[in-house]
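Structure, as structure tokens:
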Amino acid sequence: MGQPIEVIQSVFNRGELSPRIIGRLDLDAYYNALKYSSNFIPFPQGAITKRMGTYYVAPVKDSSKATRLIPFRFSTVQNYIIEAGDLYFRFYRNRGQIESSPSVPYELVTPWPSSVVSELKYVQSYDRLYVFHKDYQTRVITRTSDTAWTINTLTFIDGPYLPINTTTTTMTPSVTTGSGTMTASSAVFVAGDVGRQIRLKNGATYGWATITGYTSSTVVNITVGGAFAATTANATWSLSHFGGDMGWPSVGTIYEQRMIMASTVNYPATLFGTITGGFGTSATFSPSQTSGTVTDSDGFVYTIGDDQVNKIEWLSSGKTLLIGTSGAEHSMTGGTSSSYAPITPSNVTIKRESKIGSRTNVRAHRVGNAVLYISKSGLKCRELNYDFSIDSYISRDVTIFNNHITDSGVLDCDFQDEPDPTLWCVRTDGKVIGFSYERQQEVEGWHRHTFGGTDVQVKSVACIGKPDTHGDDVWFIVSRTVNGATVQTIEYLYDYFEPETNADKSDAFFVDCGLSYDGRLDATLTPSAVSGSGVTFTASAAVFSSGMVGDQIRYGTSRAIITGYGDTTHVTADISVPFPDTNPIPSGDWSIAIMSVAGLDHLEGETVSVCADGYSAGTYEVVSGSIDLPDFASVVHAGLGYASELHTLPVEVKQLGTIAGRIRRTHKLFIYLTNTIGLILGNNKNSTIEVVPFGGGNENLNEGPSLFNGVIEREPPVGYDKEGVLRIYHDYPTNITVNYIAQKLSING
């Protein structure tokens, strides 16, 4: 008999550890982590639960072209998802697609082809979304209602400008206001200058104009925006950074009541700030008053001084402005007298904080006081946070113990603030990974997710507030092969399964690209008799339809088959199991149960997994958009099945120093489960050692298993080995939540 020991793991929120960490028994994270985790999400409190399914919303407009999601959060109760595709935007709210008329999606024409939608960057201010791209003039998208969105070019006023001319070349306007020409004393202009602005001093006053046409290298047409003092020649002039062949800013943010833009093709490391409050449907960059006096509220242009010219990839506003470039991370503050002094044209300090670099076109996310960003390789996630001990920001690698999890690299990500803070990332291979992140509680756990279906690739992710304001929804664009064709669909991650009673088990949604039928209707129901045929049932609201003939009325154990339709509040039915009385049945206590589930056209030809009234009802092929169940069910969830799987790390006991490499055998296993139906246990070699016999089969749809809450005790028939790894597998369309795993082992050797 070997040395007996008892071990327990009750925390799983460090997620899946890298194979490189096996053997790092000195790390506290080792004892709160897993060897492998697929389609499980760790709770910050310690337990781990099956990933919820994804609910189908709509197909993208054209599955053959690149499409992405953009979040738009106007308020806590008005949140939108934007489908950005080839020359269009479509909009979603309250978990549905916005339509201009029935079955016609509301659409906004945009200038961006599918080839550049992944490069778009944006910042939101109230009901306006500013969209940036280096090759397109910045656009302002304005929302006034669900079906009233407009798009306009952002008008740039008086700048931003290149340094003032230092040559002897002069400029002479032909007019002081209106339209005219500007003549240079030597060759200055090119055809690509059309769209740029020119600022000119006459006497003691500055004026400016927009170049509207090209005549020659010395003459252009202009429209005056700020009046010139005279039509005389002057050598004090400058041309703008934006417009024409100069291109446009590719990123922007709002900081200290200014819009700060950055990164043009020719000036990738330069920032451009508007005047204070100088943005809306236009952006004003005036570098001085017309008199030439520079005030604190004027616009500014600053270039990051560094040993390399690195393209600015993201800007993040907080107490300081954090700047991520392709080669380093910087902070921007107002001068040196105070870290939080306002930025002004004459008071600014830019410091390099770290030298990592960010992945192009992947947004950074501010979480509390920290910023999470993806490194330039796409293989690391970093946390940029201020460290008071060294009076500087540091870029900590939060994938140091999970280096394998990013695999092919991250191409898109968004942050879910609630109910549990999670960074959701899409990898270049179409897989999804999540990062559960609650810094104050030392929760940092990575987990991988594989969606149901064939040839699955997730293309984009975005997060917005839930319709009920209780947390955030996570939305995805998912590409699959369905019925032989590649389709892209828009789906959102369903709510956590948190039933109050066993009766709520029917709310378990654990299928992908799925839809639901819910026969629990919002009306009272009154039978005219407790038994018999042709009994009239009267509803207090318009809930009946002619298509319900043949369906079943359910109340407790009472049953009746609908045989006739009167109107929206009356049907007749034959009662097969008597009703207790003829009193009105409260709303929510009765339902219409069905056997044929329609509306699954988006999964035509696919085999779907079905959860009926809270438990597994088997798999069925979708034919003509429908499936037929073997019995009636009041609540049905049908979609593509997926499996959740976890492997524990090799058992270790700190108190014994180490048992690494020693032969061990598990004699008893205790697993605390919450709201669970179905479970398969296995060993380190993935072979099944036992199917735990509660739920998960094709039970009678009128009964079915209850949710399991408590401890299961098993004596797994596993021989001696050197790891003692446990495998938990779950491929039913139901929930599993693991609170702890305890083992009684014997150690030999």
Side-chain angles (χ1 to χ4, degrees), residues 9-22 29-54 365 367 372 374 379-381 383 397-410 412-427 429-439 441-452 456 458 461 463 471-472 474 476 478 493-497 510 512 642-649 674 725-731 735-741:
Q9 181 172 356
S10 59
V11 178
F12 304 90
N13 58 27
R14 292 309 297 253
E16 178 183 321
L17 290 188
S18 165
R20 297 178 183 177
I21 301 301
I22 302 297
Y30 183 93
Y31 302 91
N32 298 329
L34 295 165
K35 185 177 183 180
Y36 177 79
S37 174
S38 176
N39 288 328
F40 273 104
I41 298 175
F43 288 125
Q45 295 82 359
I48 192 166
T49 193
K50 183 173 185 175
R51 171 181 66 79
M52 306 72 72
T54 61
H365 298 278
V367 185
L372 295 177
I374 305 300
L379 299 177
K380 298 284 188 182
C381 180
E383 175 201 71
D397 181 4
V398 296
T399 48
I400 186 68
F401 297 148
N402 323 84
N403 60 285
H404 68 303
I405 203 78
T406 51
D407 195 15
S408 61
V410 174
D412 193 17
C413 63
D414 203 357
F415 196 83
Q416 178 187 22
D417 294 302
E418 293 183 338
D420 295 322
T422 306
L423 180 71
W424 291 96
C425 304
V426 177
R427 300 191 321 202
D429 61 2
K431 306 296 184 183
V432 171
I433 53 176
F435 178 52
S436 297
Y437 176 74
E438 188 72 72
R439 194 173 193 273
Q441 304 301 322
E442 298 183 352
V443 175
E444 295 182 4
W446 287 92
H447 32 97
R448 68 178 74 217
H449 300 276
T450 302
F451 289 11
V456 180
V458 178
V461 61
C463 301
D472 295 333
V474 185
F476 300 97
V478 187
L493 201 62
Y494 208 72
D495 302 325
Y496 276 137
F497 180 57
F510 293 95
D512 284 338
Y642 62 94
S644 296
E645 183 174 358
L646 67 81
H647 300 177
T648 60
L649 284 161
T674 302
V725 171
L726 176 69
R727 170 178 176 253
I728 294 180
Y729 184 80
H730 190 276
D731 61 354
N735 182 59
I736 176 173
T737 298
V738 180
N739 292 75
Y740 69 68
I741 300 172

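These numbers come from a predicted model, not from an experiment.
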Please list, chain by chain and in numerical order, all residues satisfying ring-ring contact (aromatic ring centres under 6.0 Å, His included) with [X], sequence neighbours excluded.
X      : value
Tyr729 : none
Phe43  : Tyr496
Phe40  : none
Tyr642 : none

Evaluation steps, side chain to side chain contact (heavy atoms under 4.5 Å, CB included), between Leu17 and Asn402:
CA-CA 5 Å; Leu17 290 188; Asn402 323 84; 3.9 Å; yes
Pairwise distance [atom1]([X]) to [atom2]([Y]) - rounded to 0.5 angstrom:
X      : Y      : atom1 : atom2 : value
Gln45  : Gln441 : CD    : CD    : 9.0 Å
Ser38  : His447 : OG    : NE2   : 11.5 Å
Trp424 : Ile433 : CH2   : CD1   : 10.5 Å
Tyr494 : Thr54  : OH    : OG1   : 12.0 Å
Thr49  : Ile41  : OG1   : CD1   : 7.5 Å

When you measure from the side chain of [X] to the backbone of [Y], do you find a donor-acceptor pair of N or O atoms at a distance under 3.5 Å?
X      : Y      : answer
Trp446 : Phe401 : no
Asn39  : Thr450 : yes
Asn13  : Gly445 : no
His365 : Cys413 : yes

Residue list, salt bridge (Lys or Arg N to Asp or Glu O under 4.0 Å) with [X], at least two apart or on another chain:
X      : result
Glu444 : Arg396
Asp472 : Arg73
Lys380 : Asp397

Knowing that exactly one of Leu34, Thr737, Asn739 qualifies, which makes a side-chain contact (heavy atoms from CB on, under 4.5 Å) with Ile48?
Leu34
Over all heavy atoms of both residues, which pair between [X] and [Y] is shortest? Give the atoms and the distance, please.
X      : Y      : result
Thr399 : Cys381 : OG1-N, 3.4 Å
Ala643 : Asp731 : CB-CB, 3.8 Å
His449 : Gly434 : CD2-N, 4.2 Å
Thr406 : Leu379 : OG1-O, 2.7 Å

Side-chain heavy-atom pair Val738, Gln9 within 4.5 angstrom cut-off
no
Is there side-chain contact between Glu383 and Arg439, with heavy atoms separated by less than 4.5 Å?
yes
Residues which pass side-chain contact (heavy atoms from CB on, under 4.5 Å) with [X], listed by chain and number, not counting sequence neighbours:
X      : result
Val456 : Phe451, Val478, Arg480
Arg20  : Ser18, Asn403
Val367 : Leu372, Phe415, Tyr437

Please report the C-alpha distance between Val432 and Val461 in whole Å, then the side-chain angles of each, then the deciding distance to 0.1 Å, and finally whether the side chain to side chain contact (heavy atoms under 4.5 Å, CB included) criterion is met.
CA-CA 9 Å; Val432 171; Val461 61; over 6 Å; no
Partner residues of Ser644 under the side-chain hydrogen bond (donor to acceptor under 3.5 Å, both in side chains) criterion, sequence neighbours left out
none
side-chain hydrogen bond (donor to acceptor under 3.5 Å, both in side chains) against Arg448, all qualifying residues, sequence neighbours excluded
Glu16
Carboxylate-amine/guanidinium contact Asp429 Lys431, below 4.0 Å:
no
I would like to know whether Ile728 and Ile741 meet side chain to side chain contact (heavy atoms under 4.5 Å, CB included); could you show each step before the answer?
CA-CA 11 Å; Ile728 294 180; Ile741 300 172; 3.9 Å; yes
